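Here is the structure we will look at.
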Amino acid sequence: MKLNIAVLPGDGIGPEVTAQAVKVLKAIAMEFGHLFTFNKAFVGASAIDTTGNPLPEETISICQNADAILFGAIGSPKYDMDPDAEVRPEQGLLRLRKSLDLYANIRPVIAYEDLLNKSSLKVKQIRDTNILIYRELTGGIYFGEKKLSNDSASDICEYSRFEIERIAHLAFKAAQTRKGKLTLVDKANALATSRLWRKVVQELASQYPNVELNFMYIDNAAMELIINPRQFDVILTENMFGDILSEEASVIVGSIGLLASASINDKHAMFEPIHGAYGKFANKGIANPIASILSAAMLLDHFGLDKEAALVRQAVDKSLKLHITTPDLNTKYDNITTTKVGDFIEDFINNPEETNLNFKNIHLGQSTII
């Protein structure tokens, strides 16, 4: 298969983790005889520094002409600490999502058996957790009209029936292929937009009689996600609630550096870790690349490359089992860097039948399976 992939590393740790995802995709292409081409483009703070624009027209053009987009992270402390800044890195990501109409954000939350003790939650609570969060991505409060003065501010949250229907259909269809359970998370007791969400989703439910539909308020859902995450199968929610819940879910898996995502519509698809740029950790070799690598696996899924995606996930599982992970998860070996994790996963793809890791070579800066 030939794929033209736009690569937007972004800011902070984005370039480091994205480089490992590209490395893994190149290994997959070589192993399976595919042709993947990669075209880099600026976005976020790096784009502002270069062009003055968080999303240059050239970047939009590269993304529009790509089969898929591999995204890193955006953000910079110098903008975070300046509330008066009119141009911000995050505007680049929001504009990209809107310009490509990437309305459906899909975020898997899986509790890995080998990492259960890394979570601050009790093992018995989180074991076998497997949740798929469908977050609406191009509407709601992030995209509504904004007003700001010295004494007041407002952000308008607005949704249309069309925006709700199109992502709800995707969530229902996903539930059909899993455990057949869909939970709509809203705040219908207080918000008019949530009442519209509940009305529309209830109407669509008759088209999916084999899916059990439940409703939960966002405040209760945030609590239940910690108390009993296994009760959830597919979660459907609006933009801001989905952002918050998926970040909270990182507590279940042990690190936000493990959570991947896909943002899709009928024409375009972007794949990215859910974490931010974390500028203070950049260029230290400690950023966890697994979320970016798992995002690359979701890219392969998107194009029906099931065996390829499965091999990437098998390699990730092996890295976790052997503690070939960055410091956020690893206390056994203190010199496993971002690059070494990527090297190990790359090597596993090239040598999937081998299972014994030469730790001496890892410590010397190599990643060799013998």
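Computed from a predicted model, the values in this text were never measured in an experiment. Worth knowing before you read on, the calculation uses all heavy atoms, side chains too, and leaves out hydrogens, waters and symmetry mates.
One distance of note links NZ of K118 with CG of L320; it measures 10.0 Å at 0.5 Å rounding. Atom CD1 of I5 is separated from atom CG of L8 by 12.5 Å, given to the nearest 0.5 angstrom. Interatomic distance, OG of S46 versus CD1 of I74, reported as 9.0 Å (0.5 Å rounding). Separating the OG atom in S261 from the CZ atom in F71 is a distance of 10.0 Å, to the nearest 0.5 Å. The distance from atom CG of L182 to atom NZ of K173, rounded to the nearest 0.5 Å, is 13.5 Å. Distance check: I62 CD1 to I69 CD1 gives 10.5 Å after rounding to the nearest 0.5 Å.
With hydrogens and angles disregarded, no donor-acceptor distance shorter than 3.5 Å links the side chain of S61 to the backbone of E57. Panel note: side chain T50, backbone A47; no donor-acceptor pair is recorded below 3.5 Å. Counting only distance, with no hydrogens or angles, the side chain of E247 and the backbone of I244 share no donor-acceptor pair below 3.5 Å. In terms of modelled atom types and a separation under 3.5 Å, the side chain of Q125 and the main chain of I227 share a donor-acceptor contact. Using modelled atom types, no side-chain atom of K179 and backbone atom of V234 make a donor-acceptor pair closer than 3.5 Å. In this structure a side-chain-to-backbone donor-acceptor pair under 3.5 Å is missing from Q207 to L204. The closest donor-acceptor contact from the side chain of S99 to the backbone of L96 lies under 3.5 Å. Side-chain atoms of N265 come within 3.5 Å of backbone N or O of D101 as a donor-acceptor pair. With hydrogens and angles disregarded, a donor-acceptor distance shorter than 3.5 Å links the side chain of S246 to the backbone of G242. When atom types are taken as modelled, the side chain of S206 and the backbone of E203 share a donor-acceptor pair closer than 3.5 angstrom.
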request  = Would you sort out whether V253 and L259 count as a side chain to side chain contact (heavy atoms under 4.5 Å, CB included), showing the intermediate values?
outcome  = CA-CA 8 Å; V253 302; L259 294 182; 4.0 Å; yes
(Q) Is there a salt bridge (charged side-chain N to carboxylate O under 4.0 Å, His left out) between D266 and R166? Walk through the geometry before answering. (A) CA-CA 11 Å; D266 294 336; R166 61 181 182 174; over 6 Å; no
Kindly determine whether T339 and D343 satisfy side chain to side chain contact (heavy atoms under 4.5 Å, CB included), including the steps that lead there. CA-CA 6 Å; T339 300; D343 288 344; 3.7 Å; yes
Notebook entry, point to check: After noting the C-alpha distance and the side-chain angles of I256 and Y278, does the key distance pass the side chain to side chain contact (heavy atoms under 4.5 Å, CB included) rule?
Noted result: CA-CA 12 Å; I256 197 171; Y278 298 103; 3.9 Å; yes
Going through the checks in order, is the side chain to side chain contact (heavy atoms under 4.5 Å, CB included) test met by I164 and S160?
CA-CA 7 Å; I164 299 168; S160 68; over 6 Å; no
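Under the 3.5 Å distance criterion, with hydrogens and angles disregarded, a donor-acceptor pair is assigned to the side chains of E308 and H34. Between the side chains of N53 and T51, no donor N or O sits under 3.5 Å from an acceptor N or O. Checking S292 against S295 by side-chain atom types alone, no donor-acceptor pair falls below 3.5 Å. Checked by atom type, the side-chain pair D11/S76 shows no donor-acceptor distance below 3.5 Å. Side-chain polar atoms of N130 and R178 form a donor-acceptor pair below 3.5 angstrom. Between the side chains of N39 and N4, a donor-acceptor pair is found at a separation under 3.5 Å. For the 3.5 Å distance criterion, the side chains of Y159 and E136 qualify, holding a donor opposite an acceptor. With hydrogens and angles left out, the side-chain atoms of K23 and Q20 include a donor and acceptor closer than 3.5 Å.
When all heavy atoms of V251 and S120 are compared, the pair lying nearest together is CG1-OG, 3.4 Å. Across A41 and P9, no two heavy atoms sit closer than the pair O-CD, 3.8 Å.
Within the 4.5 Å cutoff, side-chain heavy atoms of N239 are placed close to those of R135. No side-chain heavy atom of I293 sits under 4.5 Å from any side-chain heavy atom of V17. Within the 4.5 Å cutoff, side-chain heavy atoms of Y103 are placed close to those of L170. Taking 4.5 Å as the limit, some side-chain heavy atom of D243 sits within range of a side-chain heavy atom of Y142. In this structure, the side chains of K181 and F232 stay at 4.5 Å or more apart for every pair of heavy atoms. Taking the side chain as every heavy atom from C-beta outward, C157 and L191 never approach each other to under 4.5 Å. For the pair L225 and L245, the minimum side-chain heavy-atom distance is below 4.5 Å. No side-chain heavy atom of R107 sits less than 4.5 Å from a side-chain heavy atom of Y134.
Aromatic ring orientation, F36 versus F38: perpendicular (interplanar angle above 60°, classes split at 30° and 60°).
Only one option out of D186, N189, T193 pairs with R198 in a side chain to side chain donor-acceptor pair (under 3.5 Å); it is D186. With N288 as the partner, the side chain to side chain donor-acceptor pair (under 3.5 Å) test is satisfied by one option alone out of T338, D328, T325: D328.
Seen from the ring of F348, K318 does not count as a face-on cation partner, given the 6.0 Å and 45° thresholds.
Considering only residues two or more places apart in sequence or on other chains, H302 meets the ring-ring contact (aromatic ring centres under 6.0 Å, His included) condition with F271. For E224, the side chain to side chain donor-acceptor pair (under 3.5 Å) partners at least two apart in sequence or on another chain are Q231.
Heavy atoms from other residues, nucleotides or ligands lying under 6.0 Å from CD of E165 number more than 12.
Y79 and L148 are not part of a single hydrophobic cluster, where members link through side-chain heavy atoms under 4.5 Å apart.
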